[in-house]
Number of protein chains: 2
Amino acid sequence: MTERSQPGEDGLSAPTLAEATHARLRSDILTGALRPGERLKLEALRDRYDVSVNTLRETLSRLVSEGLVANQGQRGFMVVAASLADLRDITEMRKLLECRAVRLSVEHADLEWESRVVAAYHKLSRIEEVVEQDPGHWGTQLELYNRQFHNALISACGSRWLMTFHGVMYDQSLRYRMLAFRVRDFPREQSRAEHRALLDAALARDAERLAAIVAAHITKGAELYQEENLSPRPARRGPKPKK
Amino acid sequence: MTERSQPGEDGLSAPTLAEATHARLRSDILTGALRPGERLKLEALRDRYDVSVNTLRETLSRLVSEGLVANQGQRGFMVVAASLADLRDITEMRKLLECRAVRLSVEHADLEWESRVVAAYHKLSRIEEVVEQDPGHWGTQLELYNRQFHNALISACGSRWLMTFHGVMYDQSLRYRMLAFRVRDFPREQSRAEHRALLDAALARDAERLAAIVAAHITKGAELYQEENLSPRPARRGPKPKK
DNA sequence: TAATAGGTTATTTGTGAAAATATCCTATTA
DNA sequence: TAATAGGATATTTTCACAAATAACCTATTA
């Protein structure tokens, strides 16, 4: 067996192997290392992640509930397919949730919230500068700070469920963003300007303006991805699609 | 080993034991047979459901993602606690989602949708009559038809994710309803009147009115449950709460 | 040549038991 | 008496292997 992780390095690391595997698989799906529609054979995954089949099964079951893996009956697991219709659905849903959340956040705003927003913006802004000059290499770090900024904006909404559902939608949209990453370059300048506008609106505690910018930001973000590298069939080799 | 289920009785029954167990556990949590905060020891569950520990683990992991079970670290699983704050959160969330969904449904309305709504209302209405005279015995059937009616109302919204999230919130609110079932009698007449109003508004395709009634319906439903039989601690017997 | 039946392989599903970890009880000491 | 250390028990976590099922290939027939 592989050695267990350090007993509590940062106090928050997941001590169980199953949780660690869950995070790894999830990450591999979100980054596109595991492509949409790809079949997830247990033995192959066992080799790749070096854990037992049962642990994988537990992990995959959780990912099914999170909408990242599909399970159809007795024919195993696969990465959920990607489609333009799905992307549209996710985009609309994320707009609904995030707009509502920022409105609530402004309602309940306090100094703590403001500070979190400012701090998150600072990190994001800095990494954006770095990426500007060395694109490609710091992509994942930028994505992390991007998420943390959006999370900070809604962090005072006071609804655990709203945060949860928003997180799911953010993950889903992130996957589509990652799938398109290699094809088109992201319009960084425009994105930076919008983040700045979000910060300003938040500090001004202008809920309407904030929600409007959020909606526009999300819409624009989603418009970039066309169906170019979404679908790829998992390469069914059997000539028997069964009717 | 226990025998497997019939190979496809109604064409929709889950063929795998894990899925069946998932449904059973989920049902037991929603009906309150497993109380909030109750510790879910694997061996005890193994006896109760007659499946192996691994299958249970898979099942429980899925329920964690669905927000019905909590998992804290290496200390096993438990039914998620219930609280008034959580109920309020769920109620607001369900209002947001269901109102949006009925509005979209009216937008995309067609004859198929209308028929589904009418059919679901008919079933619900009939079982309501039955329950009126023999309360208590047909409770679960009423809950089933209630859910199907609400599902029919939003079934034309065109958003898979909206349906999914609404389903989660409906489950959660159902759990609270079931927890309060033994204490207070449900105001059946008022509920019936509201269902009738929902049907009328749907057939009139009046989105605004429909959304307004939905919001009121959900709010009233949630106001009934006070914190009487929510919390019950799982009876920690160890005197060492560790700081 | 197309289609089907049979057997073979690949994959999933489920079980029991071992290792790791937490919890609990008891006795010893200050 | 209170508190701590040590060992015993209970529980979770993980694995390796067996049964059940689906996928695949080949040969035989119409």
Side-chain angles (χ1 to χ4, degrees), chain A residues 1-8 13-25 38-64 69-79 233-243, chain B residues 1-8 13-25 38-64 69-79 233-243:
Chain A
M1 192 204 328
T2 59
E3 288 154 280
R4 291 299 278 283
S5 63
Q6 306 83 335
S13 70
T16 87
L17 185 53
E19 280 187 60
T21 309
H22 174 255
R24 288 216 287 160
L25 247 166
E38 184 170 342
R39 195 111 185 287
L40 295 172
K41 297 182 200 171
L42 294 176
E43 210 170 337
L45 294 183
R46 188 180 58 70
D47 292 346
R48 176 166 183 168
Y49 296 102
D50 195 35
V51 290
S52 93
V53 178
N54 275 91
T55 304
L56 278 170
R57 187 156 256 282
E58 182 180 331
T59 296
L60 289 169
S61 287
R62 200 171 287 202
L63 288 169
V64 167
V69 167
N71 191 13
Q72 49 174 345
Q74 242 144 334
R75 266 168 292 183
F77 299 89
M78 58 158 57
V79 181
R233 285 283 143 81
R236 238 198 110 82
R237 58 174 177 170
K240 214 189 222 174
K242 206 174 190 180
K243 278 185 196 169
Chain B
M1 192 202 329
T2 59
E3 287 154 281
R4 292 299 277 283
S5 63
Q6 306 86 333
S13 70
T16 87
L17 185 52
E19 280 187 61
T21 308
H22 174 255
R24 287 216 286 160
L25 246 166
E38 184 171 341
R39 195 110 185 288
L40 296 171
K41 296 184 201 170
L42 294 176
E43 208 169 339
L45 294 183
R46 187 180 58 71
D47 292 347
R48 175 166 184 168
Y49 296 102
D50 194 34
V51 289
S52 95
V53 178
N54 270 316
T55 304
L56 278 171
R57 188 156 256 282
E58 183 179 331
T59 296
L60 289 169
S61 288
R62 199 171 287 203
L63 289 170
V64 167
V69 168
N71 190 11
Q72 48 174 347
Q74 240 143 335
R75 266 168 291 184
F77 300 89
M78 58 159 56
V79 180
R233 285 284 144 80
R236 236 198 110 79
R237 60 175 176 170
K240 214 188 222 174
K242 205 175 189 179
K243 279 186 195 170

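Proteins get letters first, then strands, A, B, ... in listed order; numbering begins at 1 in each.
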Main-chain N/O of Y49(A) paired to R24(A) side chain as donor or acceptor, under 3.5 Å | yes
Nearest whole angstrom, please: distance from the [atom2] of [N] to the [atom1] of [X].
| X | N | atom1 | atom2 | result |
| --- | --- | --- | --- | --- |
| L60(A) | dT12(C) | CG | P | 10 Å |
| Q72(A) | dT21(D) | CD | P | 18 Å |
| L56(A) | dC15(D) | CG | C1' | 12 Å |
| E58(B) | dT12(C) | CD | P | 12 Å |
| Y49(A) | dC15(D) | OH | P | 15 Å |
| R57(B) | dT11(D) | CZ | P | 15 Å |
| E43(A) | dT9(C) | CD | C1' | 12 Å |
| L17(A) | dA20(C) | CG | P | 13 Å |

Given [options], which nucleotide is nearest the side-chain atoms of [X]?
| X | options | answer |
| --- | --- | --- |
| T16(B) | dG14(C), dT11(D), dT13(D) | dG14(C) |
| K41(B) | dT13(D), dT11(C), dT12(D) | dT12(D) |
| A18(A) | dT14(D), dA22(D), dC15(D) | dT14(D) |
| V51(A) | dT12(D), dA22(D), dC15(D) | dC15(D) |
| T55(A) | dG14(C), dT14(D), dT11(D) | dT14(D) |

With sugar-phosphate meaning primed atoms plus P, OP1 and OP2, does L40(A) contact a base, only sugar-phosphate, or nothing at under 4.0 Å between heavy atoms?
-> sugar-phosphate
Would you indicate whether the side-chain heavy atoms of V69(B) and V79(B) approach each other to under 4.5 Å?
-> no
Quick one: pull up [atom1] in [X] and [atom2] in [Y] and give me the separation to the nearest 0.5 Å.
| X | Y | atom1 | atom2 | result |
| --- | --- | --- | --- | --- |
| L17(A) | H22(A) | CG | NE2 | 13.5 Å |
| L45(B) | L25(B) | CG | CG | 6.0 Å |
| N71(A) | R62(B) | CG | CZ | 5.5 Å |

All N/O pairs under 3.5 Å across the protein-nucleotides 16-18 of chain D interface:
from, atom 1, to, atom 2, distance (Å)
dA16(D), N6, N54(A), OD1, 2.8

Check side chain to side chain contact (heavy atoms under 4.5 Å, CB included) between A70(B) and all other residues, then give those that pass, not counting sequence neighbours.
-> M78(B), V80(B)
According to the Watson-Crick and G-U wobble definitions, with both distances under 3.5 Å, which nucleotide is paired to dA30(D)?
-> dT1(C)
Of the non-hydrogen atoms in V53(A) and R46(A), which two are nearest, and what is the gap between them?
-> CG2-CD, 3.7 Å
